[in-house]
Protein chains: 2
Amino acid sequence: MKIGELSKRTGVSIRMLRYYEAEGLLKPGRTESGYRDYDMAEVRTVERIKLLGAGGMTLPTILQFLACVRGEGPIFEPCDELRVTLRQQIRLVEEKTEKLAQNHNVLTSFLAEIGEG
Amino acid sequence: MKIGELSKRTGVSIRMLRYYEAEGLLKPGRTESGYRDYDMAEVRTVERIKLLGAGGMTLPTILQFLACVRGEGPIFEPCDELRVTLRQQIRLVEEKTEKLAQNHNVLTSFLAEIGEG
DNA sequence: TTAAGGTCTGACAGCGCTGTCAGAGTCAAG
DNA sequence: CTTGACTCTGACAGCGCTGTCAGACCTTAA
């Protein structure tokens, strides 16, 4: 599949799909004429990246996870190192969730003070 | 109180305190010699800004809320317009929370797959 | 063949946020 | 008075992400 189609399927802009590639997150094949040629499975990958990114995870960080999760070859060692990162990230997500909850409270309080209108 | 103290009390860098001011979120008085002079109440304000910001809210957006919440004068009209923004922001926060939750799932699944180690 | 639309690369720019540096003035304690 | 810590302004730069533009090539359908 070409980049335009992947973009439509995932809702991620063409610009960003190329950026993901530049950051090493995607490695599409190329047609003879140089067009990127994506495998269907990449739709899931992109959605996963999107999700992780929405959680405030940085692309290089996501890259670490992809390398492990994809299970390319006998890579068990790197995963050891990833457990730490993983736990840190989970912790981060939890902190962010916490802050969002407080945020939600602040906002709804404001709304209440102003009057539900 | 001078900027350094406010910075220490809130954990917000001096740089950022000045930035908040540039964005209209803080309006400290000035000593004769031009030093910023903050009122004690600003500690709360800064913490509020920090919290809202941690939720991904942009400074100009926070500014809108502060103007209303501070209740400076008989400003009821602007609040009418703010209700919409407020609801949008709450919606945004909820969406982010949702994504973070999914994110958390993805991460903990990864960790489980790798092995709790 | 021609025209329209997709794609390529590379560069530039902007967003919001943050740090840092330079050069100057201020303040408090010795 | 001198020194060291603090503050001022203004500018520059970086982060990660995103859009856009230019100039060229490819593909498809009329």
Side-chain angles (χ1 to χ4, degrees), chain A residues 1-39 42 46-66 85 89 92-93 95-96 99-100 103, chain B residues 1-39 42 46-66 85 89 92-93 95-96 99-100 103:
Chain A
M1 140 184 45
K2 283 183 289 184
I3 200 168
E5 188 181 346
L6 182 58
S7 174
K8 274 170 195 153
R9 282 182 193 262
T10 60
V12 172
S13 74
I14 291 177
R15 176 69 180 83
M16 288 312 293
L17 290 176
R18 294 203 265 244
Y19 184 58
Y20 285 178
E21 181 176 352
E23 295 294 299
L25 293 167
L26 295 175
K27 296 192 176 62
R30 296 284 180 149
T31 66
E32 287 177 359
S33 54
Y35 281 19
R36 271 164 263 253
D37 186 22
Y38 296 92
D39 178 309
E42 299 312 305
V46 171
E47 278 165 357
R48 202 167 258 185
I49 294 171
K50 210 171 130 188
L51 177 63
L52 261 5
M57 204 170 298
T58 206
L59 255 22
T61 304
I62 296 176
L63 177 59
Q64 294 186 292
F65 297 124
L66 286 189
T85 313
Q89 285 296 328
L92 262 181
V93 167
E95 281 166 12
K96 279 187 183 166
K99 283 185 180 158
L100 277 184
N103 217 316
Chain B
M1 144 182 41
K2 283 184 289 184
I3 199 168
E5 188 181 345
L6 182 57
S7 174
K8 272 170 196 154
R9 281 182 194 261
T10 60
V12 172
S13 74
I14 291 176
R15 176 70 180 81
M16 288 311 294
L17 290 176
R18 294 203 264 244
Y19 184 59
Y20 287 177
E21 181 176 352
E23 295 294 298
L25 293 166
L26 294 175
K27 295 191 177 62
R30 296 284 180 147
T31 66
E32 287 177 359
S33 55
Y35 282 20
R36 270 164 263 254
D37 185 22
Y38 297 92
D39 179 308
E42 299 312 306
V46 172
E47 277 165 357
R48 202 167 257 185
I49 294 171
K50 210 172 131 187
L51 177 61
L52 261 5
M57 204 171 298
T58 206
L59 256 21
T61 304
I62 297 175
L63 177 58
Q64 294 186 295
F65 297 124
L66 286 190
T85 313
Q89 285 296 327
L92 261 182
V93 167
E95 281 166 13
K96 279 187 185 168
K99 282 185 181 156
L100 278 184
N103 217 316

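Lettering of chains follows the sequences in order, A, B, ..., and the numbering in each one begins at 1.
B:Leu52 has its CG atom 16 Å from the C1' atom of C:dC17, to the nearest Å. In this structure, B:Lys8 atom NZ and D:dA5 atom C1' are separated by 10 Å, rounded to whole Å. Distance B:Glu21 CD to C:dC17 P: 16 Å, rounded to the nearest Å. Remark: C1' of D:dC6 and CG of B:Leu17 are 14 Å apart, rounded to the nearest angstrom. What separates CD1 of A:Ile14 from C1' of C:dG6 is a distance of 8 Å, to the nearest Å. Remark: P of C:dA11 and OH of A:Tyr19 are 16 Å apart, rounded to the nearest angstrom. Rounded to whole angstrom, the span from the NZ atom of A:Lys50 across to the P atom of D:dG16 amounts to 22 Å. Counting to the nearest Å, the C1' atom of D:dG16 and the CD1 atom of A:Ile49 are 15 Å from each other.
With the nearest nucleotide of DNA chain D identified for both A:Glu23 and B:Gly34, B:Gly34 has the one nearer the 5' end. Comparing B:Met57 and A:Gly4 against DNA chain C, the residue whose closest nucleotide sits nearer the 5' end is A:Gly4.
Between the CE atom in A:Met57 and the CG atom in A:Leu92 there is a gap of 8.0 Å [rounded to 0.5 Å]. The line from CG of A:Leu63 to CG of A:Leu52 is 11.5 Å long, rounded to the nearest 0.5 Å. Here the straight-line distance linking atom NZ of B:Lys96 with atom NZ of A:Lys96 works out to 9.5 Å at 0.5 Å rounding.
Residues meeting the side-chain contact (heavy atoms from CB on, under 4.5 Å) test with A:Thr10, sequence neighbours left out: A:Leu6, A:Val12, A:Val43, A:Val46.
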Listed pairs under 3.5 Å, donor-acceptor, residues 18-26 of chain A side chains, sequence neighbours left out:
{"residue": "A:Glu21", "atom": "OE1", "partner": "A:Arg36", "partner atom": "NH1", "Å": "2.7"}
{"residue": "A:Glu21", "atom": "OE2", "partner": "A:Arg30", "partner atom": "NH2", "Å": "3.3"}

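A side-chain donor-acceptor contact under 3.5 Å links A:Asn103 to the backbone of B:Leu51.
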Using a 4.0 Å heavy-atom cut-off, write out nucleotides 19-30 of chain D from 5' to 3' as B (base contacted by protein), S (sugar-phosphate only) or - (no contact).
BB-----BS---

